[in-house]
Amino acid sequence: QVQVVESGGGLVQAGGSLRLSCEVSARTFRIFTGTWYRRAPGKEREFVTSIDWESGRTSYTDSVKGRFTISRDNANTTLYLQMNSLKPEDTADYYCNARAGPFVHGTWLPDFYWGRGTRVTVSL
């Protein structure tokens with residue numbers, strides 16, 4: 001019903017930039033929120049940033065404010081994460097999460113859908 005596929009990860013030097021993409025295939029579903037999480041080696045998964053799909057309102061974890069920018073393309077139901085001034089501590093697997101759901105009997109029924117992740121490695 002909903003497929004979430006990330007792309008754009010890779011190896012970059014500190015100070016460089018990467019742009020992650022997340023394609024959300026949700027034909028008859030409404031997308032409510034798009035969120036990026038990451039899991040660094042040996043650490044727990046953490047929230048990075050999210051966006052309200054309708055309003056465009058965003059939120060960021062403190063460690064990426066001013067460096068990362070989340071955006072979405074409504075027409076193509078694609079979520080993006082522009083990452084600038086990358087640091088070695090940004091090295092992690094980055095996961096896209098979409099909260100989406102169908103309209104059934106007069107009610108939206110959203111659920112959470114995850115991608116498999118894309119790896120970002122930042123070298124010194």
Side-chain angles (χ1 to χ4, degrees):
Q1 293 172 329
V2 178
Q3 290 188 322
V4 178
V5 180
E6 305 96 335
S7 62
L11 174 65
V12 64
Q13 286 189 326
S17 298
L18 278 176
R19 189 193 198 202
L20 305 184
S21 298
C22 171
E23 294 187 22
V24 182
S25 300
R27 281 190 179 182
T28 60
F29 284 29
R30 174 184 171 184
I31 303 173
F32 292 85
T33 308
T35 304
W36 288 97
Y37 291 84
R38 66 185 180 186
R39 180 184 284 124
K43 295 188 176 181
E44 297 290 320
R45 184 179 65 196
E46 67 169 346
F47 166 85
V48 179
T49 177
S50 68
I51 187 168
D52 182 279
W53 211 265
E54 181 175 0
S55 70
R57 185 175 60 193
T58 61
S59 64
Y60 296 87
T61 191
D62 285 345
S63 63
V64 307
K65 284 180 181 177
R67 300 188 299 122
F68 290 12
T69 303
I70 189 172
S71 62
R72 87 277 191 239
D73 179 341
N74 278 335
N76 295 318
T77 60
T78 303
L79 184 69
Y80 301 100
L81 181 62
Q82 178 66 42
M83 305 185 294
N84 299 327
S85 302
L86 282 161
K87 304 175 181 180
E89 50 264 43
D90 294 318
T91 294
D93 291 325
Y94 284 72
Y95 297 90
C96 176
N97 176 278
R99 182 169 178 262
F103 192 70
V104 180
H105 300 308
T107 303
W108 289 102
L109 299 176
D111 203 346
F112 295 94
Y113 299 89
W114 290 90
R116 294 188 174 184
T118 185
R119 179 156 293 178
V120 172
T121 304
V122 184
S123 64
L124 288 169

Give the intermediate values and the outcome of side chain to side chain contact (heavy atoms under 4.5 Å, CB included) for residues Ile70 and Tyr80.
CA-CA 6 Å; Ile70 189 172; Tyr80 301 100; over 6 Å; no
Report the C-alpha separation of Glu23 and Glu6 in whole Å, then their side-chain angles, then the decisive distance to 0.1 Å, and conclude whether the side chain to side chain contact (heavy atoms under 4.5 Å, CB included) test is met.
CA-CA 7 Å; Glu23 294 187 22; Glu6 305 96 335; over 6 Å; no
Should Leu86 and Phe68 be marked as a side chain to side chain contact (heavy atoms under 4.5 Å, CB included) after you check the CA-CA gap, both sets of side-chain angles, and the distance that decides it?
CA-CA 9 Å; Leu86 282 161; Phe68 290 12; 3.8 Å; yes
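For residues 100-124, the ring pair (Phe, Tyr, Trp, His ring centres under 6.0 Å) pairs, not counting sequence neighbours, are Phe32-Trp108, Tyr37-Trp114, Phe103-Trp108.
In this structure a side-chain-to-backbone donor-acceptor pair under 3.5 Å is present from Thr118 to Gly9.
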Which side-chain N or O atoms in residues 12-20 pair as donor and acceptor under 3.5 Å with protein atoms at least two apart or in another chain?
from, atom 1, to, atom 2, distance (Å)
Ser17, OG, Asn84, OD1, 2.9

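Expressed to the nearest 0.5 Å, how far OG1 of Thr35 lies from CG of Asp52 amounts to 10.0 Å. Once rounded to the nearest 0.5 Å, the distance linking CZ of Phe47 with OG1 of Thr61 reads 7.0 Å. How far CD1 of Ile51 is from OG of Ser71: 6.5 Å, rounded to the nearest 0.5 Å. Considering CG of Leu79 and CZ of Arg72, their distance stands at 9.5 Å, rounded to 0.5 Å. Here OG1 of Thr33 is found 9.0 Å from CZ of Arg57. Values are rounded to the nearest 0.5 Å.
Taking all atoms of both residues into account, the shortest heavy-atom contact from Trp53 to Asp73 is CZ2-O, 4.2 Å. Closest of all the heavy-atom pairs between Ala26 and Val2 is CB-CG2, 4.0 Å. Closest approach of Leu124 and Pro88 over heavy atoms only: CD2-CG, 3.4 Å. Listed here is the closest heavy atom pair of Tyr60 and Thr69: OH-CA, 3.4 Å. Counting all heavy atoms, side chain and backbone alike, Ser21 lies closest to Trp36 at O-CH2, 3.7 Å. Across every non-hydrogen atom of Ala100 and Ile31, the tightest pair is CB-CA, 4.0 Å.
Under the 4.0 Å criterion applied to side-chain N and carboxylate O atoms, Arg38 and Asp90 are assigned as salt-bridge partners.
Inspection of the Ser50 and Ser59 side chains reveals an N or O donor paired with an N or O acceptor under 3.5 Å.
Remark: Thr107 engages no residue in a side chain to side chain donor-acceptor pair (under 3.5 Å) (not counting sequence neighbours).
By the neighbour-count criterion of 12 heavy atoms within 6.0 Å, atom CD of Gln3 is sparsely surrounded, having that number or fewer from other residues, nucleotides or ligands. For Glu54, the CD atom is loosely surrounded, since the number of other residues' heavy atoms within 6.0 Å does not exceed 12. Crowding of Arg119 atom CZ: a count of heavy atoms from other residues, nucleotides or ligands under 6.0 Å not exceeding 12.
Leu81 and Tyr95 fall into different hydrophobic clusters, where Ile, Leu, Val, Met, Phe, Trp and Tyr residues are linked whenever their side-chain heavy atoms come under 4.5 Å apart, directly or through other members.
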